[in-house]
There are 2 protein chains.
Amino acid sequence: MDALGFTEHDHQHCISEALRTAEQTCADQGLQLTAQRRRVLEILLGEHRAMGAYEVLDVLRAEGLAAQPPTVYRALDFLVGNGFAHKIERLNAFVACAHPGERHAPAFLICSDCGTVAEMPSREIAQAVRGAAATLEFDVARMVIEAEGCCPECRAARAAG
Amino acid sequence: MDALGFTEHDHQHCISEALRTAEQTCADQGLQLTAQRRRVLEILLGEHRAMGAYEVLDVLRAEGLAAQPPTVYRALDFLVGNGFAHKIERLNAFVACAHPGERHAPAFLICSDCGTVAEMPSREIAQAVRGAAATLEFDVARMVIEAEGCCPECRAARAAG
DNA sequence: GGAAGGCGCGTTATATCGTAACGGCACGGC
DNA sequence: GCCGTGCCGTTACGATATAACGCGCCTTCC
């Protein structure tokens, strides 16, 4: 598992791959990846960046759809609920899942300069959280793990500039 | 460092202690703990729970003040900026710091049943986050670590009920 | 003493994020 | 046919957060 976003990659491929995985997963689990849900996922996949719900809405409207906020939020709820996207709490915004299909407690890196959001390996982190919680006899159901900072590219840009 | 919130304690004492620490810290660092800022901190300290800004605003208004949202947000910005309170991103709400004065990257436990928020030791967690980020050459400036779940008391209550 | 600037705060208005609630439509089961 | 379920359109609204302006009180600096 690597973290896309900070590394060069074939973005068209990464989009279509994710879409295919989503389609397959929905087919397997009897979920309906409707046109709207699929379109919202595509929009999110278009950028390795968190988008606000209203930003997604603007894209839909630019395509000529007469969409309203609930439309977008419903699609996002579906995507988040089924692991195809994640909400970045720190930004009140949404990002496509980089590892759909794999069961994972997500952890994110948010570059404050360029806005890129990457999903990173989180096994050790999740372990540490559960461990700390266990000493207080707390049962963890869900975690929010988000780190804000500077990505390698922006650091290089800063150094250069 | 223990996590209050899930354990019995002398709450009045815990409030006045925190207030005194805040006063001392402000005096030391040339910060102004004005009446409003102090009042907002007191309100937050009143509960081991995250309060929305507008909830704090309601309390101020109930006390007869003609407060507006910016008043509360400014006080909260001051408290958060100087480590006397924390924002719980998951809840868009604020909680008094349980360990003012100590330098720490906070990590929180949020009970979904009773709403109690506890601050827990986070050294290992922060370490794990920095470690995972480092493998991607990402510089972490700030972390959001929030675990939602069930606290021991609510678990006991569930088992009993 | 008075100009200049920083800071805290009041106030108005507005931006941004999110949801409740109702109704229509399509599809599948019986 | 009739009903339940799930998806979606639509209206309206609630909740969270900030921009921008101005005032008063300091301190600084000359």
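In what follows, every chain begins at residue 1, and chains take the letters A, B, ... in the order their sequences are listed.
- Using a distance-only test at 3.5 Å, with no hydrogens or angles considered, a donor-acceptor pair links the side chain of A:Arg61 to the main chain of A:Ala67.
- Positionally, the nearest nucleotide of DNA chain C for B:Arg74 lies more toward the 5' end than for the other of B:Arg74 and A:Arg74.
- One can place CG of B:Leu57 at 13 Å from C1' of C:dT11, the figure rounded to the nearest angstrom.
- With rounding to whole Å, A:Gln29 atom CD is found 17 Å from D:dG6 atom C1'.
- Between D:dC7, D:dT11, C:dT11, one nucleotide has an atom nearer to the side chain of B:Thr71 than all others, and that is C:dT11.
- Phosphate contact (OP1/OP2 of D:dC7, side-chain N/O of A:Arg37, threshold under 4.0 Å): present.
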Report the C-alpha separation of B:Glu89 and A:Arg90 in whole Å, then their side-chain angles, then the decisive distance to 0.1 Å, and conclude whether the salt bridge (Lys or Arg N to Asp or Glu O under 4.0 Å) test is met.
CA-CA 6 Å; B:Glu89 299 290 347; A:Arg90 174 75 228 235; 3.5 Å; yes

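- The side chain of A:Ala66 has D:dT10 as its nearest neighbour among D:dT10, D:dA17, C:dG8.
- Of the possible donor and acceptor atoms, one in the side chain of A:Glu119 sits under 3.5 Å from a partner among the backbone N and O of A:Ala98.
- The side chain of A:Pro70 lies closest to C:dA20, out of C:dT11, C:dA20, D:dC7.
- For an aromatic pair to be called close, the ring centres must be under 6.0 Å apart, and B:His86 with B:His104 satisfies this.
- The side chain of A:Lys87 lies closest to C:dG18, out of D:dT18, D:dT10, C:dG18.
- With C:dG18, C:dT11, D:dT16 as the candidates, the nucleotide lying closest to the side chain of A:Asn92 is C:dG18.
- As rounded to whole Å, 17 Å separates atom P of C:dA15 from atom CD of A:Glu55.
- At D:dC7, one or more side-chain N or O atoms of A:Gln32 fall inside 4.0 Å of OP1 or OP2 (strictly under the cut-off).
- In this structure, CG of A:Leu60 is placed 12 Å from P of D:dC8, rounded to the nearest angstrom.
- To the nearest angstrom, P of D:dA17 lies 9 Å from CG of B:Leu76.
- Within the 4.0 Å cut-off from OP1 or OP2 of C:dA13, not a single side-chain nitrogen or oxygen of B:Gln68 is found.
- Rounded to whole angstrom, the span from the CZ atom of A:Arg90 across to the P atom of D:dT16 amounts to 17 Å.
- Distances were taken from every side-chain heavy atom of A:Thr34 (C-beta onward) to each of D:dG9, C:dG18, D:dC7; the shortest belongs to D:dC7.
- We find the CG-CZ distance between B:Asp139 and A:Arg158 to be 8.0 Å, quoted to the nearest 0.5 Å.
- Contact check, B:Tyr54 against D:dA15: no side-chain N or O comes under 4.0 Å of OP1 or OP2.
- Residue B:Tyr73 places at least one side-chain N or O closer than 4.0 Å to OP1 or OP2 of D:dA17.
- Whole-Å rounding puts the B:Leu91 CG to D:dA15 P distance at 16 Å.
- Straight-line distance from the CG atom of A:Asp77 to the P atom of C:dA20: 10 Å, rounded to whole Å.
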